[in-house]
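Have a look at the structure below, then the notes.
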There are 2 protein chains.
Amino acid sequence: MAERRLPPVVARMWGRETTPRHGPRPSLDLARIVAAAIHVADRDGLEGVKMSSVAAEVAMATMSLYRYVGSKDELLIVMADAAVPEPPAYDGGNWRAYLTGWTRANRDFLLGRPWLLALNQHTPPTGPRSLRWLDRALAALAGTGLGYGERINIAVALTNYAARQAAMVHAMTGTATAGSEAIAGLTEYGDILGEVLDPEGYPELTAAVRENAFGSADQWIDDADFTFGLNLLLDGIQALMTRGRD
Amino acid sequence: MAERRLPPVVARMWGRETTPRHGPRPSLDLARIVAAAIHVADRDGLEGVKMSSVAAEVAMATMSLYRYVGSKDELLIVMADAAVPEPPAYDGGNWRAYLTGWTRANRDFLLGRPWLLALNQHTPPTGPRSLRWLDRALAALAGTGLGYGERINIAVALTNYAARQAAMVHAMTGTATAGSEAIAGLTEYGDILGEVLDPEGYPELTAAVRENAFGSADQWIDDADFTFGLNLLLDGIQALMTRGRD
DNA sequence: TCATACGCTGTATAACGTACACAGTAATGA
DNA sequence: TCATTACTGTGTACGTTATACAGCGTATGA
C-alpha cells in the first residue's frame with residue numbers, strides 16, 4: 001500500500017496555527033482566505049475558484065496565498081469543511097425524527113452550495129464542521145442499543161444518501177456549476193431516452209418512458225421522492241434494531 | 001433556467017455515426033479511441049488521461065483526436081459509459097437475490113476502475129451500458145407490484161449506494177487515483193481523529209474512537225459492512241412492498 | 001545594531017486543452 | 001479525365017492556470 005499522509009492544512013483547520021517568532025505579522029489569516037474562496041465559489045461556481053480570483057477577493061497578490069496554504073488542493077480541502085453549517089441541535093428526542101431532519105438539512109446545504117458535491121469525493125471527513133454532523137448522528141442513535149460500528153455505518157449511509165440526492169436534484173434542475181454540463185430538464189431526459197432507446201435491448205426502460213415515469217422535473221425536486229428514499233433507509237434501520245432485540 | 005443540450009457524442013454512443021461522403025476514410029473510430037483512453041485511465045489514473053497521452057496510445061497526433069471527439073469532456077462522457085460492463089443476467093428469480101448481486105457487481109466494477117467514480121458525478125446516465133443496468137433492475141422488480149416511479153427510485157438508490165460504498169473503500173484503502181490524496185489507512189484514520197478531536201465538542205465521536213470503532217482497515221473492504229448497509233436498503237424496500245399490499 | 005526568519009510580490013515556467021491553417025486524399029459531377 | 005469539394009491528419013501557436021523562485025522589506029532577539 002502506498003505511503004500517505006494527512007495534508008498539512010488539517011492541523012490548521014483545528015486551530016493549530018503556529019505563531020511565527022520573527023518578521024512582520026501576517027496581514028491575513030487562513031479563515032479570511034477561505035471565506036473569500038467560498039464567496040467566489042458561491043458566486044462563480046467551483047471553476048471560478050482560481051488562486052488569482054481568490055487573491056483578488058482579499059486584495060492581495062496571487063502568490064501571497066501560498067503563505068497560508070500549501071497548494072490549491074489544500075485550499076479546497078479547507079473550503080469543503082468550512083462551508084458546512086452546524087448540524088441541527090439534538091434535543092434528546094426520537095432518533096428517527098432527528099435523523100430525518102438531519103438528513104434533510106444535509107441535503108439542503110448541499111443544494112445551497114452545489115460545488116461542495118464535487119469536493120469531498122475522495123476524502124473521508126477530517127474537518128471540525130463535518131465531524132460535528134457525524135457526532136450528532138451518533139448521539140441521536142445512542143439510545144437504540146446499536147454499537148458504534150453500526151451507528152457509524154448508519155450515519156455514513158444517510159450522509160451518502162443526502163449527497164446523492166442533492167447531486168441528482170442538482171443535475172436534473174441544472175443549476176450549472178462545475179465543468180460538466182447537466183442534461184436539460186428532466187422532462188427532456190425522458191424524451192431523450194425515448195428517442196435513443198432500442199426497445200428490444202431495453203424493454204423495461206422503454207415501458208417506463210412510455211408510461212411517463214420520468215414525467216415532470218418537479219417530481220425530483222419534490223419532497224416526496226426524497227422522503228421515499230429516506231424512508232427506505234430508515235425502515236431498514238428500524239428493522240435492524242428490532243432484529244437486534246431478539 | 002439555462003439552456004442546456006445533450007453533448008453531440010451521445011448520438012455516437014448509440015451507433016449513430018454519420019458516414020462521410022467525401023475524403024479519405026478515417027483510420028480510426030470512436031471505439032478505438034475510447035478503448036485507448038480507458039486503457040490509459042486504468043494504467044495511470046484519470047489524471048493520466050490527457051489528449052496527448054491518449055493520442056500516443058493510438059499512435060496519432062494529439063489534434064487528430066478532435067476529428068472524433070468534440071472536446072476532452074466529450075471523451076470523458078463516452079469513457080464513463082464504455083467502461084461499464086454488462087449487468088448480471090436476470091434469470092427471472094427472486095428480486096432481492098438478484099438486486100443483491102446487481103449492487104455488489106456494481107460496486108465491484110467501480111472498485112476495479114476507481115476513476116469512474118470521479119466521472120458521472122453530475123450527469124444522469126445516457127449511455128447504452130449504464131442504461132442496461134437500470135433496465136435489468138427494473139426487470140427484477142417487475143413482479144413486485146411497484147410502479148415504475150418507485151422502481152426507478154429503488155434502482156437509483158442502489159446505484160448510489162454502490163457508488164458511495166466504492167468511493168469509501170477506495171478512499172480508505174487508498175489506491176491513489178485522482179488529484180486528491182486519500183487519507184492513510186483506516187487504522188490511521190481512527191488515530192488521526194483521536195489526536196485531533198476535542199472531547200467536549202465531539203463526545204460521541206471521541207467515545208467511538210476510544211472503543212476502536214474505526215479499528216481495522218479490513219473492516220471496510222470486508223463484505224460485512226457492504227452487506228450491512230445494503231440490507232438497510234433492501235429491508236426498507238421490502239417494508240415498502242408489504243405496506244403497499246395493505 | 002545586526003543577523004535572522006518571515007511576509008509580500010513580480011517574474012518566469014511548465015502543463016495542458018484547443019483554435020487555426022495547411023497539405024494530402026478520395027468521392028462527386030461534368 | 002479533371003476540377004471541385006469535403007473530409008482527414010497534423011504542426012504550430014496561444015490562452016489559461018498553478019506554482020517555483022528570488023528579491024525586497026520588516027519586525028524580533030541577541
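Remember, predicted model here, so these are calculated numbers, not experimental data. The chains referred to below are lettered A, B, ... by the order of the sequence lines, with proteins before strands, and numbering in each begins at 1. Note: hydrogens, waters and symmetry copies are ignored here, and every other heavy atom, side chains too, is used.
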Test salt bridge (charged side-chain N to carboxylate O under 4.0 Å, His left out) applied to A:R43 and A:E57, step by step: CA-CA 12 Å; A:R43 195 188 51 206; A:E57 194 73 21; 3.6 Å; yes
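If you measure from atom CE of B:M51 to atom P of C:dA19, you get 10 Å, rounded to the nearest angstrom. Following rounding to the nearest Å, A:L76 (CG) and D:dT17 (P) show an atom-to-atom distance of 14 Å. Across the protein-nucleic acid pair, B:M63 atom CE and C:dG24 atom P stand 19 Å apart, rounded to whole Å. Across the protein-nucleic acid pair, B:L65 atom CG and C:dG17 atom C1' stand 12 Å apart, rounded to whole Å. Rounded to whole Å, the distance from CZ on B:R21 to P on D:dT4 is 23 Å. The distance between atom CG of A:L46 and atom P of D:dT17, rounded to the nearest whole Å, is 13 Å. The nearest whole Å value for the distance from the OH atom in B:Y66 to the P atom in C:dG17 is 6 Å.
Both B:S52 and A:P26 sit near DNA chain C, but only A:P26 has its closest nucleotide nearer the 5' end. Ranked by how close their nearest DNA chain C nucleotide is to the 5' end, A:G23 and B:V49 are led by A:G23.
Looking at the side chain of A:S64, the nearest of the listed nucleotides C:dC8, D:dG9, D:dC7 is C:dC8. Of the candidates C:dG10, D:dA18, C:dA19, the closest approach to any side-chain atom of A:K50 belongs to D:dA18. Between C:dC16, D:dT10, C:dT4, one nucleotide has an atom nearer to the side chain of A:H22 than all others, and that is C:dT4. Side-chain atoms of B:R25 lie closest to C:dA27 of the nucleotides C:dA27, C:dG7, D:dT19. In the set C:dT18, D:dC21, D:dT10, the nucleotide with an atom closest to the side chain of B:M60 is D:dT10.
Among the protein residues, B:S71 comes within range of the sugar-phosphate backbone only, with heavy atoms under 4.0 Å from sugar or phosphate atoms but none that close to a base.
Summarising the geometry, atom CG belonging to B:L197 is positioned 5.0 Å from atom OG1 belonging to B:T206; distances are rounded to the nearest 0.5 Å.
Remark: side-chain polar atoms of A:R113 are paired, donor with acceptor, to backbone N or O of A:A83 under 3.5 angstrom.
Among all heavy-atom pairs drawn from A:I33 and A:L28, the shortest one is CG1-CD2, 3.7 Å.
Contact check for B:F109 versus B:L116: side-chain heavy atoms found under the 4.5 Å cut-off.
Dashed line: the shortest gap from a side-chain N or O of A:Y68 to OP1 or OP2 of C:dC8 is under 4.0 Å. Within the 4.0 Å cut-off from OP1 or OP2 of C:dG7, at least one side-chain nitrogen or oxygen of A:R67 is found. Distances shorter than 4.0 Å separate some side-chain N or O of B:S27 from OP1 or OP2 on D:dG9.
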